[in-house]
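Just so you know, these numbers use all the heavy atoms, side chains as well, and skip hydrogens, waters and symmetry mates. Residue numbers start from 1 in every chain, and the chains themselves are labelled A, B, ... in the order their sequence lines are given, proteins ahead of strands.
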Protein chains: 2
Amino acid sequence: MGVTIKDVAREAKVSVASVSRALNGQAGVTAETLGRIREVAARLRYVPDNAARSLITRRTHTIGALLPDLFGEFFSELIRGIDLAARARGLHLLVSSSHDDADEAAAALRAMQGRVDGLLVMSPHADADFLRQNLPQGLPTVLMNTVLDSDAHAALSVDNYGGACLLVRHLIERGYRQVAFIQGPPKNRDVAERELAYRETLAEHAPGQAPIVLPGDFNEISGYRAGQQLLAMQPRPDAVFAANDMMAIGCIAAIREAGLRIPEDIAVAGFDDVPMARYVTPALTTVRVRIAELGKTALEQLIVQIEHTDTPPRAHQRVKAELVIRASSDSQWQGNDMRFAATQD
Amino acid sequence: MGVTIKDVAREAKVSVASVSRALNGQAGVTAETLGRIREVAARLRYVPDNAARSLITRRTHTIGALLPDLFGEFFSELIRGIDLAARARGLHLLVSSSHDDADEAAAALRAMQGRVDGLLVMSPHADADFLRQNLPQGLPTVLMNTVLDSDAHAALSVDNYGGACLLVRHLIERGYRQVAFIQGPPKNRDVAERELAYRETLAEHAPGQAPIVLPGDFNEISGYRAGQQLLAMQPRPDAVFAANDMMAIGCIAAIREAGLRIPEDIAVAGFDDVPMARYVTPALTTVRVRIAELGKTALEQLIVQIEHTDTPPRAHQRVKAELVIRASSDSQWQGNDMRFAATQD
DNA sequence: AAACTTGATGAAAACGATTACGTTCCGCGT
DNA sequence: ACGCGGAACGTAATCGTTTTCATCAAGTTT
């Protein structure tokens, strides 16, 4: 093991208490001794042992993130947002992802105990029972995009409903009437909200138009298959709203393969605005979710909880979503990839 | 604080030593007492405190990853690979990224002290001096894609040279002669190796053909600008090799905007094979780097070091790169996005 | 039956920090 | 001269584990 506080104390000819005080900037230490201690600490390359420190202070200065799977651009952005916000506050980030089943997620959660000051949870397994069973009580937690509206924990999610409404209304305004919807994984809350918005907006703005709903699983392949089904329908829908961008991209591939034009014959739209969306041909109309901001907001809410353990968490916050119109629903679109990228934050 | 080992001991009417032995699966405890202890521990929801444990065992079961910036698909994949491999070994992952300057990176490195059992470092600031100053000696470390060939630390990088050779040779075999190269950020080792391969392969297989090199910075915008420069040249190059995929995509945008055909008028190729590469139009020829595998290999090498602190690290390992031919350099290309995606690992 | 092994268990010492509580010492007011 | 207050610093308890070593009972060998 390296150099400990005792070594510094001996070398500076003071007690460990003084070293601790000096290095933590507490009062009760002369300018002279402080200087000497600092000098010795620097010379010896002393770094306090985090384990020992957090054993007594009960603080780890680390927050944990429990995520479903790191695959894809969505999580890349999410982690980035969280990491950035955490760094700004001097916190560390412990990530844990890719849990195949609830048991694995539970084990991961348990392993976080005593390692983190707070928890960011985004997991398909995180239903009410799971959380009650496995969440260490007393540990500040923020739930993200989970299936339940827990009043025991703070929660944060994307405004799926609002975003999807904007999108469907846009399609109808452009003259598309027979708008189909491609679903995501079952029991996914985001998908459910997007679908509800689709159905209600359709009913309101295109009355008499029956909803057309196809299954999907968030992967591009399922979007491709849905696209093929769609093309075989009589009458053929003239627009598709996929529950996420990857499926929309798959759908575009199917439609172009069949020789139809987008958006003249069929319009296509997605959800998320992954970076890829503006590079596919035609560029994809979608709903932009400020993913990094979602992560940042979640972390900030968590910090509030950590610092004010007493105050109850704010019930449920929403991150707004905005419509991004591109060529896949608008033949007039003149967007230039590069100009767009340059103005991105 | 929650329930401690003492609570369990009292409730099970044994000493804390027995509880520790029982729960850690050590010998020297009757089946009967073991059962009782297990039962009590489960009932009380006992979870050992990690800080206390690692204070005495000197193990954190956590590895740290120091990364430059989480932006983009590359790091998403890299973290995913590391996380997967770590999880398989019961290790946790502490990530730290986005360090604007060397001081910040140094602080991050210091903060890792005592928090991790080993370190994965991929940082532009990680030169020899920086490492000597800030790397806690004795802490197992694996360097990834760094500028130096340190013999003090294990290192791991992508076979940039081999991959780029394959790519340039492919272009020349397809009949392209005036192949241009778009550089990445200066002082980036990966870029330097790719450029060297470009120059040497060109000299060998297309003797007399002078290299054409344009600046870039890994962003799509710089690729776009390079594309415009390229189009203004006399004579106009008939192929471009961009040092990464994002620049290649920007370059494609510039070429298509000018109304030229790819690959008939100009061929385009990149490096990395980011997921997006197969969805742009035309689909991008590139060199596939198994990024997740890179992360996994790095982690495994780190584990070897952790478990055998005595044996010196293996000098320098390479992760191989493979050529992926798509429409941007091959008009015959019949690839189907969906089929490809389905067979992806 | 005494001595000796064996295996289960408990008491207590680590680990490296923070911090409550004493102690010392100096200066000041009376 | 004496007491008193407060600043500077040291002693030791503490956090929750693991682990060494001693203890003790029961069985085995002679």
Can you measure [X] atom [atom1] to [N] atom [atom2] for me and round it to whole angstrom units?
X: A/Arg58; N: C/dA17; atom1: CZ; atom2: C1'; value: 13 Å
X: B/Ile37; N: C/dT9; atom1: CD1; atom2: P; value: 8 Å
X: B/Asp49; N: C/dG16; atom1: CG; atom2: P; value: 17 Å
X: B/Lys13; N: C/dG10; atom1: NZ; atom2: P; value: 12 Å
X: A/Asn50; N: C/dC15; atom1: CG; atom2: C1'; value: 14 Å
X: B/Tyr46; N: D/dT18; atom1: OH; atom2: C1'; value: 10 Å
X: A/Arg10; N: D/dC9; atom1: CZ; atom2: P; value: 19 Å
X: A/Leu55; N: D/dT18; atom1: CG; atom2: C1'; value: 13 Å

side-chain contact (heavy atoms from CB on, under 4.5 Å) between A/Thr62 and A/Leu93, intermediate numbers included
CA-CA 6 Å; A/Thr62 301; A/Leu93 184 60; over 6 Å; no

Which is true for [X] with a 4.0 Å heavy-atom rule: it touches a base, it touches only sugar-phosphate, or it touches nothing?
X: A/Asn24; answer: sugar-phosphate
X: A/Thr33; answer: sugar-phosphate
X: B/Gln26; answer: sugar-phosphate

Measuring to OP1 and OP2 of C/dT18, would you say a side-chain N or O of A/Arg53 lies under 4.0 angstrom away?
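Yes, A/Arg53 has a side-chain N/O under 4.0 Å of OP1/OP2 on C/dT18.
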
Counting only side-chain N and O atoms of A/Ser15, is one of them less than 4.0 Å from OP1 or OP2 of D/dG10?
yes

When the nearest nucleotide of DNA chain C is assigned to B/Ile56 and to A/Ser18 on a heavy-atom basis, which residue is associated with the more 5' position?
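It is B/Ile56, whose closest nucleotide lies nearer the 5' terminus.
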
Pick the closest DNA chain C nucleotide for A/Arg21 and for B/Thr30 by heavy atoms, then say which residue is nearer the 5' end.
B/Thr30

Taking the basic N atoms (NZ, or NE/NH1/NH2) and the acidic carboxylate oxygens, is any pair closer than 4.0 Å for [X] and [Y]?
X: B/Arg80; Y: B/Asp83; result: no
X: B/Arg58; Y: A/Asp49; result: yes
X: A/Glu77; Y: A/Arg290; result: no

When you get a sec, tell me which of D/dG16, C/dT9, C/dG16 is the closest nucleotide to the side chain of A/Thr4?
C/dG16

Test item: side-chain donor near acceptor, B/Thr60 and B/Arg53, under 3.5 Å:
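No donor-acceptor contact under 3.5 Å links the two side chains.
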
Residue met sooner reading DNA chain D from 5', once B/Ala17 and B/Ala51 are mapped to nucleotides:
B/Ala51

